[in-house]
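Lettering follows sequence order; numbering is per chain, from 1.
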Amino acid sequence: MRIEIAELLKGEKTDIEITVMGWVRTFRNNQFIALNDGSTNHNLQVVVDFNAMDETILKRITTSACISVSGKLIKSQGKGQTVELVADTVEILGDSDAEKYPLQPKKHSLEFLREIAHLRFRTNTFGSVFRLRNALIFGIHKFFQEQNFLNIHSPIISASDAEGAGEMFRVTTLDLNKLPKTEQGDTDFSQDFFGRSSNLTVSGQLEAELAAMAFTKVYTFGPTFRAENSNTARHLAEFWMIEPEVAFNDLKDNADLAEDMLKYVIRYAMEKHPDDIDFLDARLAEEEKQKPTNERAEFGLKEKLNFMLENNFERVTYTEAIEILLQSPAYKKKKFQYEVNWGIDMQSEHERYLVEKHFKKPVIVTDYPKDIKAFYMRQNEDGKTVAAMDILAPGIGEIIGGSQREERLDKLEQRMQEMHIPTEEMYWYLDTRRFGTCKHAGFGLGFERLVQFVTGMGNIRDVIPFPRTPKNCEF
RNA sequence: UCUUCCUUAGCUCAGUUGGUUAGAGCACCUGACUGUUAAUCAGGGGGUCUCUGGUUCAAGUCCAGAAGGGAGAGCCA
C-alpha cells in the first residue's frame, strides 16, 4: 500500500514494509535517493544497495524521474534524517532525461522558474508556497463557515460595465473579422451571445450586497479579471478575491471582521504548515543577506507574522494619516516625490511610510475624501468623507479595500448621477435600497496579496500557479 | 503606459582601452570511490555572445532600433 512521505517522516512507525511513490530530487553517491511526493517539503531518504540493483534501473534514477519504491522503513543509519527506506525494489514509473530536464539540485532564480512554471511545482520554494496557498484558501472558508457566513458564487461573466473598478476583458462570440454594425456604424451587440455586450467580472461585490440583503452574512471567493496594463510585482490580470458582505455592520464592525479574518487565516496556515514557513523564512533571510544593509527588511518572515498576530492593527482616519505625513521628518526633508495635502489619493511612498516607518505594523485607514472613492460608499455627516477603509500591510501595500455601503436611496442616486453612473441600468442594485434597505458593509481581499504576505514572496507572479499578466498567457 | 537596469553554454555569472581559437562554477557524459545530505575526485562534450542594422582593417565589447526580462512608478486588490 502506498503511504505518503509526510506520514512516514513523522517517524511513528518503523520496521514496516511499505511502498512509496514520488519524484527523485537528487540521487547521491549511487546509494541515496531524496524522494519527494509533495506532501511535505522534506524528502524521504531511500537507500539502495547498488551492488544488488540492476544497473539499467540504477541509471534511470535521475533527477525528477518518477519512481515507486518498496522496502522496509527503518531508523536512519546516518545523520540528517530520522527514518529512511531501505529499498527492496525500485520501479521506474516515468523516466526523466537528465540532459534535457531544466531543474538541477541547486538554487535557481525565480525569473527562470517563472519561465518553466509547469515544472516549478517540483521545487522546494514553490512546494511550500502552494501548500500554504491551499491552507489559506481552506482557512478562509473555515473562518467564514464557522461564523455561519453563506458562500455565494457571484457571476464571472457580467453585462454591467458600471462597476468602475478598472478595464474589463470583453466576452464575445462575434466573429472579430466580420463585426455586425448598427445603422450608426457601431458594433451591434444585440447579435452577440447575450444580446448585449458582456465582460469578465472585475468584482463580485454588487451581487454579494444583493445576497446579504437576504442572508445577512455572505462572502464570495472567486476569480476576478482586470485588463489594466499593470506591470508590477503586485498586479495580475487574473486573480482571486474574497468579498464578504454583512448586513447591519458599520465601518468599525467591518474593520473588526477584516482584522479577525486576517489573523485567523495566518494563524491557521502557520499551524498547518510550520515546516513550509520555516523553509520560506530561511529562504527570505538568505535573500536579504544579498542586499545592502540599508535595504534589508526589518523583520524576518516568522517574526513579521507573529508580530502581526500578537498586535492590534493600527487604526487611523485619513485626516489623521495626512497629518502624520505632514509632520513626518520625511516630509520636512522633502523626501516624498508627490505632494501631501488633504484630498490627495495617497501614493505608494506615503502608504509605505505610514506602515513601514511610522507604525511598523498593518494600518487600517478610514474615512477617505469622497472624491477619490467609489460611488457606493456611505457618505459621512461631514459631507466631505465616506465610510471607506483600506488595510495596508508592510511590504505589500493595500491588501484589503472596503467600506460601509450607502444604504440611503436618495444619497446613492445623487452620488451616482454626480459620477455619471447609469442608474436605470443598475435598477437591480438600487432595488435593495428600495425594498427593505439597511446599513451594511463589506470588503475585498486580494487573495494573492495575502499569499505574498504569508510566504514573503516579493513577486505576485510567484504565488499563483500560472500568472496572467500583460503579454503573458503561457501554460 | 512611464523611468531605469539587464540579455554571453542547460543554470548562475566573468570577459580588461575594440585585437588570435570566448572562460569559470554547477548541470550533463565517461571512469573512480561508496553512509551520502546541492556527495567527492579525474577526464570529456557543449556557444547564431537575444535579434536587426551601422561604425571599423577588426565588434561579445562602440552606436541606433526591436524583442524579452527585472526593479521602481502610475492604476488597483
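Residue A/Thr26 is classed as a sugar-phosphate contact, given heavy-atom separations below 4.0 Å to backbone atoms only. Using a 4.0 Å heavy-atom criterion, one finds that A/Glu398 contacts the sugar-phosphate atoms exclusively. Within 4.0 Å of A/Phe453, counting heavy atoms only, lies no atom of the nucleic acid at all. Using a 4.0 Å heavy-atom criterion, one finds that A/Phe50 contacts the bases of the nucleic acid, with or without backbone contacts as well. Contacts of A/Asp345 with the nucleic acid, taken as non-hydrogen atoms under 4.0 Å apart, involve only primed sugar atoms and P, OP1 or OP2. Nucleic acid contact class of A/Ile399 (heavy atoms, under 4.0 Å, all strands): sugar-phosphate only. Residue contacts for A/Asn459: at a heavy-atom cut-off of 4.0 Å it reaches the sugar-phosphate backbone alone, with no base atom in range. A/Gln45 comes within 4.0 angstrom of a nucleotide base, judged by non-hydrogen atoms across all strands.
Only the P atoms considered, B/G46 is 25 Å distant from B/C13, to the nearest whole Å. Taking atom C1' in both B/G60 and B/C6, one finds a spacing of 15 Å when rounded to whole Å. Here, B/C2 and B/A38 have their C1' atoms 42 Å apart, quoted to the whole Å. When the P atom is compared between B/U7 and B/U16, the two are found 13 Å apart, to the nearest whole Å.
Residue A/Arg28 has a polar side-chain atom (N or O) positioned under 4.0 Å from OP1 or OP2 of B/A39. A/Arg234 has a side-chain polar atom (N or O) that falls below the 4.0 Å cut-off from OP1 or OP2 of B/A73. For the OP1/OP2 pair of B/A39 and a distance below 4.0 Å, the side-chain nitrogens and oxygens of A/Gln31 include no atom meeting the criterion. A close approach under 4.0 Å does not occur between any side-chain nitrogen or oxygen of A/Asn29 and OP1 or OP2 of B/G35.
The ring of A/Phe239 lies on top of the base of B/A77, close enough and flat enough: under 5.5 Å between centres, under 30° between planes.
Not less than 6.0 angstrom separates the ring centroid of A/Phe144 from the ring centroid of A/Phe221. Aromatic ring centroids of A/Phe32 and A/Phe27 lie 6.0 Å or more apart.
Proximity note for A/Ser348 (side chain, C-beta onward) versus B/C75, B/G74, B/G35: the nearest is B/G74. Counting only heavy atoms from C-beta on, A/Ile460 has its side chain closest to B/A77 among B/A73, B/A77, B/G35. Nearest to the side-chain atoms of A/Glu84 among the listed nucleotides B/G35, B/A73, B/G70 stands B/G35. When each of B/A39, B/G72, B/G74 is scored by its nearest atom to the side-chain atoms of A/Ala233, the top-ranked nucleotide is B/G72.
Salt bridge status for A/Arg133 with A/Glu448: present, with a side-chain N to carboxylate O gap under 4.0 Å. Electrostatic pairing of A/Glu7 and A/Lys13 does not count as a salt bridge here, judged by no charged N lying under 4.0 Å from a carboxylate O. Ion pairing of A/Arg283 with A/Glu287 is present here, as a side-chain N (NZ or NE/NH1/NH2) and a carboxylate O approach within less than 4.0 Å. Salt-bridge annotation for A/Glu349 and A/Lys335: absent, with no side-chain N of the basic residue lying under 4.0 Å from a carboxylate O of the acidic one. We find that A/Lys72 and A/Asp88 are not joined by a salt bridge, their nearest charged nitrogen and carboxylate oxygen being 4.0 Å or further apart. Look at A/Asp250 and A/Arg378 and you find no salt bridge, because none of the NZ, NE, NH1 or NH2 atoms lies under 4.0 Å from a carboxylate O. The pair A/Lys373-A/Asp367 does not count as a salt bridge, with every side-chain nitrogen at least 4.0 angstrom from each carboxylate oxygen. Comment: A/Asp371 engages A/Arg415 in a salt bridge, judged by a side-chain N to carboxylate O separation of less than 4.0 angstrom.
Nearer the 5' end of RNA chain B, as judged by each residue's closest nucleotide, is the contact made by A/Ile74, out of A/Ile74 and A/Lys471.
Two residues are said to be in side-chain contact when any heavy atoms from C-beta on lie closer than 4.5 Å; A/Leu206 and A/Met426 meet this criterion.
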Exercise. Sugar-phosphate atoms are those with a prime plus P, OP1 and OP2; base atoms are the rest. Using that split, label each nucleotide of nucleotides 25-30 of chain B B, S or - for protein heavy atoms under 4.0 Å, 5' to 3'.
Key: BBSS-S
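A donor N or O paired with an acceptor N or O is found under 3.5 Å between the base of B/U1 and the side-chain atoms of A/Asn231.
Within residues 107-115 of chain A, the residues that place at least one heavy atom under 4.0 Å from RNA chain B are, in residue-number order, A/His108, A/Ser109, A/Glu111, A/Phe112, A/Arg114.
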